[in-house]
Q: 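Structure below; questions to follow.
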Amino acid sequence: MAFTGLFLITFLIVHAGINSSIFLNDNGETFNEFAHFMSHNWIVRFLEIGLFAGLFLHIIQGFLLWKQNSDARPVKYLVNKQSSNSKWYSRSMGILGSLLLLFLVIHVSHFFVGTKVALYSGDKPHNLYDEMKEVFSNLWIVILYLAGVFSLFWHLYHGFHSAFQSLGIHHKKYIPIIRTIGTGYAVIICLLFALMPLAFYLGWLA
Amino acid sequence: MNLTLKVWRQKNPKSAGKLETYQVKNISSEMSFLEMFDVLNEQLILEGKEPIAFDHDCREGICGMCSMFINGQAHGPWQQNTTCQLHMRAFKDGDTIVVEPWRSKAFPVIKDLVVDRSAFDRIIQAGGYISVNTGNAVDANAIPIDKKDADHAFMAAACIGCGACVATCKNGSAMLFVGAKVSQLALLPQGAPERESRVLNMVAQMDKEGFGNCTNTYACEAECPKGISVANIARLNSEYLKAGLSSEEK
Ligand code: SF4
Ligand code: FES
């Protein structure tokens with residue numbers, strides 16, 4: 001979980017970084033160049049396989065974890081005051097992750113599939129920026145994306161430092177640093193992602 | 001004070017249990033929770049009913065026997081506290097208190113509130129022996145140990161094996177207990193010779209017993225009567241990773 005989680009965490013930096021180029025407000029020129037590079041460069045294509053493998057593994061591990069953990073308590077408590085000893089999001093990684101998976105299916109069908117179809121059918125270069133504009137003109141989709149980012153935030157907020165704990169890194173000196181970086185990471189990444197659909201919908205971008 | 005108690009009653013490991021409701025009267029706020037149970041049991045005996053089976057031994061917070069899940073919390077509402085050290089002043093007149101046994105696949109209910117925690121003993125046994133020289137006892141300070149390490153080992157050794165960590169954890173994980181047992185020896189030179197085999201064997205036994213996996217909610221640390229830190233879980237993880245990579249044992 002920790003290894004694949006950290007791998008996906010690094011991917012999100014790249015993803016959020018590249019997508020932020022839409023905020024340059026150059027009608028998506030830079031962004032489309034990036035998108036073109038990402039879909040045509042062979043190294044990136046190779047890494048893409050790794051990404052899906054990592055994601056897949058993370059999901060499988062998560063599922064096995066959920067299964068083993070729910071088997072470990074066959075009879076549930078009638079009264080359980082969990083809020084007195086732990087945070088809701090730390091106990092909700094499974095459900096947050098499942099919501100994220102649902103979101104990802106929709107997200108991939110919005111942007112990834114279209115790009116791939118255009119790539120292999122040899123049509124004219126796919127304008128991903130225009131596609132984003134179109135997709136995010138629908139209020140419901142914007143709300144759905146914001147909900148996805150909400151799940152992502154709490155998933156990352158717990159997942160970041162949790163990964164280090166699982167790898168056995170726990171040190172008085174480093175824990176506060178890891179916590180701060182984790183919080184900063186979750187806030188920045190999610191803020192960027194949340195601003196993307198909002199910026200299109202509210203017409204902040206040309 | 002007068003209280004309503006809803007207590008889990010279960011005849012034997014196989015039968016289905018259920019909550020039974022009892023009333024207790026004139027309970028002093030200075031009584032311990034177990035003394036209140038003694039009063040209830042005497043009342044039940046006088047009524048010709050089967051008294052409630054519950055575990056206890058020292059009644060001073062050191063043996064770890066008094067497992068009770070009280071109003072949704074292991075050992076009740078007080079922090080860093082066992083049930084025997086929980087006093088009735090934690091409750092108010094007229095309160096309803098729900099008492100359940102530890103719930104974990106690895107801790108099957110024997111009767112009422114008594115569970116079988118021998119899975120913990122088997123984990124400790126799996127840790128194996130510690131190599132020491134026989135003959136005369138060595139001088140107490142013959143082996144130099146860093147004060148910090150000695151302190152951390154001592155804090156880990158404070159674990160009383162009560163099982164509150166497992167009972168509280170939403171995953172029924174025993175990582176805090178095993179982390180404490182591995183740490184108390186891994187931190188000391190005396191624990192060094194069997195350091196790798198110990199952690200591998202204890203973790204293997206832990207998995208075999210059917211405990212869940214840690215997802216770092218840290219509920220265990222919050223409910224542990226001895227305040228065992230989750231730093232011990234991280235140490236367990238790193239000991240396990242290191243041993244797994246370098247040890248020749250499988
Ligand atoms: S770690 Fe704490 S809660 Fe767990 S068995 Fe030891 S003393 Fe009890
Ligand atoms: S009876 Fe020994 S710790 Fe409570």
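Here is how names work: the chains are called A, B, and so on, in the same order as the sequence lines, proteins then strands, and each is numbered from 1.
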Q: Around Ile95(A), counting heavy atoms of other residues, nucleotides and ligands shown, do more than 12 lie under 6.0 Å from its CD1?
A: no
Q: For Glu100(B) and Leu78(A), indicate whether the former's side chain and the latter's backbone hold a donor-acceptor pair under 3.5 Å.
A: yes
Q: Considering only heavy atoms, which portion of Ile70(B) lies under 4.5 Å from any heavy atom of chain A: side chain, backbone, both, or neither?
A: neither
Q: Output the option from Tyr240(B), Phe107(B), Phe69(B) having the highest count of non-hydrogen pairs under 4.5 Å with chain A.
A: Phe69(B)
Q: Can you tell which part of Lys172(A) gets under 4.5 Å to a heavy atom of chain B, answering side chain, backbone, both or neither?
A: neither
Q: Against chain A, label Cys169(B) side chain, backbone, both or neither, depending on which of its atoms sit under 4.5 Å from a heavy atom there.
A: backbone
Q: Between Pro77(B) and chain A, which part of the residue has a heavy atom less than 4.5 Å away: side chain, backbone, both or neither?
A: neither
Q: Within a 6.0 Å radius of atom CG on Leu139(A), are there more than 12 heavy atoms belonging to other residues, nucleotides or ligands?
A: yes
Q: With a cut-off of 6.0 Å (strictly less than), are more than 12 heavy atoms of other residues, nucleotides or ligands near CD of Glu134(A)?
A: no
Q: Just so I understand: if I count every heavy-atom pair under 4.5 Å between each of Leu236(B), Leu241(B), Val230(B), Val166(B) and chain A, which residue has the most?
A: Val230(B)
Q: Please determine which of Asn213(B), Asn216(B), Thr215(B) meets the side-chain hydrogen bond (donor to acceptor under 3.5 Å, both in side chains) test together with Ser166(A).
A: Asn216(B)
Q: So Ser84(A) and Glu223(B), side-chain contact (heavy atoms from CB on, under 4.5 Å) or not? Walk me through it.
A: CA-CA 9 Å; Ser84(A) 67; Glu223(B) 294 290 358; 3.8 Å; yes
Q: Looking at Met1(A), Met93(A), Lys87(A), Arg73(A), which makes the most heavy-atom pairs under 4.5 Å with chain B?
A: Arg73(A)
Q: From Lys170(B) NZ over to Ser92(A) OG, what is the distance, rounded to the nearest 0.5 angstrom?
A: 8.0 Å
Q: Does any part of the side chain of Tyr218(B), heavy atoms only, come nearer than 4.5 Å to the side chain of Gln165(A), both counted from C-beta?
A: yes
Q: Please flag which part of His171(A) lies under 4.5 Å from any non-hydrogen atom of chain B: side chain, backbone, both or neither.
A: neither
Q: Is the side chain of Tyr77(A) donor-acceptor paired with the backbone N or O of Arg103(B) at a distance under 3.5 Å, no angle test?
A: yes
Q: Testing the basics here: between Leu167(A) and Asn237(B), what is the closest heavy-atom pair and its distance to 0.1 Å?
A: C-CB, 4.4 Å
Q: Check whether more than 12 heavy atoms from other residues, nucleotides or ligands sit under 6.0 Å from atom CD of Gln79(B), and answer yes or no.
A: yes
Q: To the closest 0.5 Å, what do you measure between SG (Cys214(B)) and CG (Asn69(A))?
A: 9.0 Å
Q: For the residue pair Ala72(A) and Gly210(B), what are the closest heavy atoms and their distance?
A: CB-O, 3.6 Å
Q: Please say whether more than 12 non-hydrogen atoms of neighbouring residues, nucleotides or ligands are located less than 6.0 Å from NZ in Lys14(B).
A: no
Q: Please flag which part of Ala74(B) lies under 4.5 Å from any non-hydrogen atom of chain A: side chain, backbone, both or neither.
A: neither
